[in-house]
Undergrad: 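Just dropping this structure here.
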Amino acid sequence: MSVVDVVKTYAEEITLQLNGLLNLEDVVNLIEKPKFEEQGDLAFPCFTLAKKLRNAPNKIAMELARKVDHPVFEKVVADGPYINAFLNKEMVSKHVLTSILEKGESYGSMKFGRGGNITIDFSSPNIAKPFSMGHLRSTVIGNSLANIVEKCGYDPIRINHLGDWGTQFGKLIVAYKLWGDEELVKEAPIQELLKLYVQFHKEAENDSSLEDDARAWFKKLEDGNEEALSLWKWFRDESLKEFAKIYDLLGVHFDSYHGEAFYNDKMDQVVSLLQESNLLQVSDGAEVVDLTEHDLAPCLIKKSDGATLYATRDLTAAIYRQEKYEFEKSYYVVGHEQSLHFAQIFLVLQKLGYNWAKQLVHIPFGFILKDGKKMSTRKGKVVLLEEVIQEAIQLAEKSIADKNPSLQNKAAVAEAVGVGAIIFHDLKNDRQNNIEFSLGDMLKFEGATGPYVQYTHARACSILRKANSFEAVAITGLNDGYSWSVVKLLMEFQAVIERSFEFHAPSQIAKYLIELSQEFNKYYGNVKVLSDDEELESRLALVKATTIVLKEGLRLLGVKAPDEM
RNA sequence: GUCCCAGUAGCUCAGCUGGAUAGAGCAACAGCCUUCUAAGCUGUGGGUCGCAGGUUCGAAUCCUGCCUGGGACGCCA
């Protein structure tokens, strides 16, 4: 049983009394959650009816409330212009708890995706640059969306579209040849390459010929020049090793690491396709697709020196992915600053006659700001993710030493808590918000945080461990207000997942988990679970069901839920 | 200049497909561990929902204009 079921029942009962004035769907859409606990569990506002019947909403509510009757409702009352229904706590909680225990971690799973593929392009860090806080957002949002989509019955294809191609490599090669040192690079590849990259931009401010050299070297790379290629490969390998450490810590994996370079030999076809379709125009020596009819700037396909651009690769990648995966949807979890770029390539694909272009979705997110401004790699202004993660883990270790020194496998728990804090901090707010970088906020373990949810889960697990035996056979349902608040939230789980899918919003789940934790902690503080009476089994069922939903919800965010902490 | 995103409590944010008395967390203050993990719970104070119009029985929510912050706007990605 879920909210959807009880809402439907309520709507059916109301519709029955309306003689076709409103259809079932209208009524379902009108039903809302009352604002205050004492107003009941479901509310139906009578304003629309008032208009149709030309009668006062309060009167209509009074009349209807008298007529609606169903065993699942304890009572139905008129409250001003609303008809408020109070659910039968015992009956509903019995159903909800039994169903969660039966389904276990598959509670809340849906099948509407019917196994269709959804490709998710996320993380996509740039080779030879450090994995910054900025990439964290794409990584955790994309990873969570993959989990959510899977929970809805789709098959997610996790794609790490590595930034392993482009003029930046020309810059890097120039910088390395001018100032680089093989030994230093071998010792600390990412730091050293970043230094070279930053130095390049500094020197290029006074010497614009460097930019020309960089473009030339990138052209050589694209044409298969051996020296360029071997340097490129070396930079790439070293970077991937570094990234693997981070992904391991975050618990993220990919189905494909095909980055930009992978499409290098596939772009010609796409360019010819554009030509055949008469979409290409020459403008200032570059080849572009004009988009003025859509009020957009033209999409650049080839530079005046014949080298390709970002758009060329993304067009090629989209076509390749459709051919290979036949996706039903294709997500791009990429920063908000690239909105124009994606609008352009989606339009170009449509102009090429691809119907599936409608299934492409750019999922933008806000920046991580430093002092109110976007962080810039070019100036070396980055905060390294790995350092932040390590710091979080150390803090978690300290916390454990302080609060639970006898804990087993401390290291694993500290990692789960530290990493959980960072992931949760990123996911709990709307994607679109810019975030001012704050180490303090990320490392907070109290209040609305990942560790708070994890802690709630661990507490609940602890009760279950202390219960002598728990067969879950004698669940009779619960009737008190504290457990009811928890049960009501438990039955909303599926609806929350659906909403997070619809809006590509992991934050919906994070907010929900906070709320569930708060209600459970109130319950914990007010009700003694382990006391021996006839409701013991039902209370244990509530506790067990809560652990299931908390753990599964955290999993959808990519956060672990230790049994003890 | 054009376009996109945002503006809600001291701070960080929910609420935004219109509905009842605008909510959390942090910070401040005051309580609660001989009883299931105090990373917790309870209480207090704190708001012209950026501003001005409009639509509506009803607007933080929808529309228009303006202000503020961030971003994008051709050879970076």
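Chain letters run A, B, ... following the sequence lines, proteins first, then strands; residues in each count from 1. Scope of the values below: all heavy atoms of this structure, side chains included, with no hydrogens, waters or symmetry mates.
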Undergrad: Choosing from B:A24, B:U21, B:A77, which nucleotide comes nearest the side chain of A:Gln518?
TA: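 Of the candidates, B:A24 comes closest.
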
Undergrad: Who passes side-chain hydrogen bond (donor to acceptor under 3.5 Å, both in side chains) against A:Asp212, sequence neighbours left out?
TA: A:Arg215

Undergrad: According to the 5.5 Å centroid and 30° plane-angle thresholds, does A:Phe36 stack upon the nucleobase of B:U21?
TA: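 It does: the ring sits over the base of B:U21.
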
Undergrad: Starting at atom CD of A:Gln454, determine the distance to atom C1' of B:G40, rounded to an integer number of angstrom.
TA: 15 Å

Undergrad: For A:Ala458, which residues count as a side chain to side chain contact (heavy atoms under 4.5 Å, CB included) partner, sequence neighbours excluded?
TA: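 In terms of side chain to side chain contact (heavy atoms under 4.5 Å, CB included), with neighbours along the sequence ignored, A:Ala458 is linked to A:Met565.
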
Undergrad: Taking only residues two or more places apart in sequence or in another chain, which ones pass side chain to side chain contact (heavy atoms under 4.5 Å, CB included) with A:Asn29?
TA: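 Checked A:Asn29 against side chain to side chain contact (heavy atoms under 4.5 Å, CB included); matches are A:Glu25.
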
Undergrad: Between A:Ile463 (CD1) and B:G40 (C1'), how many Å, whole number?
TA: 12 Å

Undergrad: Taking only side-chain nitrogens and oxygens of A:Tyr310, does any of them come within less than 4.0 Å of OP1 or OP2 of B:G74?
TA: no

Undergrad: Does A:Tyr455 put a side-chain nitrogen or oxygen below 4.0 Å from OP1 or OP2 of B:A39?
TA: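 Yes, within the criterion.
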
Undergrad: Whole angstroms only, please: what is the CG-C1' distance between A:Leu516 and B:A14?
TA: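 In whole Å, B:A14 C1' and A:Leu516 CG are 17 Å from each other.
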
Undergrad: Syn or anti for B:C33, please, going by whether the chi angle lies within 90° of 0.
TA: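 You should classify B:C33 as syn.
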
Undergrad: In this structure, which stretches of RNA chain B are paired as stems of three or more consecutive Watson-Crick or G-U pairs, both distances less than 3.5 Å?
TA: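 So far as stems of 3 or more pairs are concerned, RNA chain B shows B:1-7 with B:67-73, B:10-13 with B:23-26, B:28-32 with B:40-44, B:50-54 with B:62-66.
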
Undergrad: Between A:Leu300 (CG) and B:A77 (P), how many Å, whole number?
TA: 10 Å

Undergrad: For the residue pair A:Phe44 and A:Tyr10, is the inter-centroid distance of their aromatic rings smaller than 6.0 Å?
TA: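 Ring centres of A:Tyr10 and A:Phe44 not closer than 6.0 Å.
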
Undergrad: Nearest-Å distance, CD (A:Glu436) to P (B:G71)?
TA: 12 Å

Undergrad: So, is A:Lys51 close to the B:U56 phosphate, meaning a side-chain N or O under 4.0 Å from OP1 or OP2?
TA: no

Undergrad: In chain order, what residues pass the side chain to side chain contact (heavy atoms under 4.5 Å, CB included) check against A:Asp26, with sequence neighbours excluded?
TA: A:Leu22, A:Asn23

Undergrad: Whether A:Arg465 contacts B:U37 is assessed here as follows: a side-chain N or O lying under 4.0 Å from the phosphate OP1 or OP2. Is that the case?
TA: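 No.
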
Undergrad: List in numerical order all residues of residues 526-536 of chain A for which some heavy atom is under 4.0 Å away from an atom belonging to RNA chain B.
TA: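 Within residues 526-536 of chain A, the residues near RNA chain B are A:Val527, A:Lys528, A:Val529, A:Leu530.
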
Undergrad: Ring-plane angle category for A:Phe243 and A:Phe131, please: parallel below 30°, perpendicular beyond 60°, tilted otherwise.
TA: perpendicular

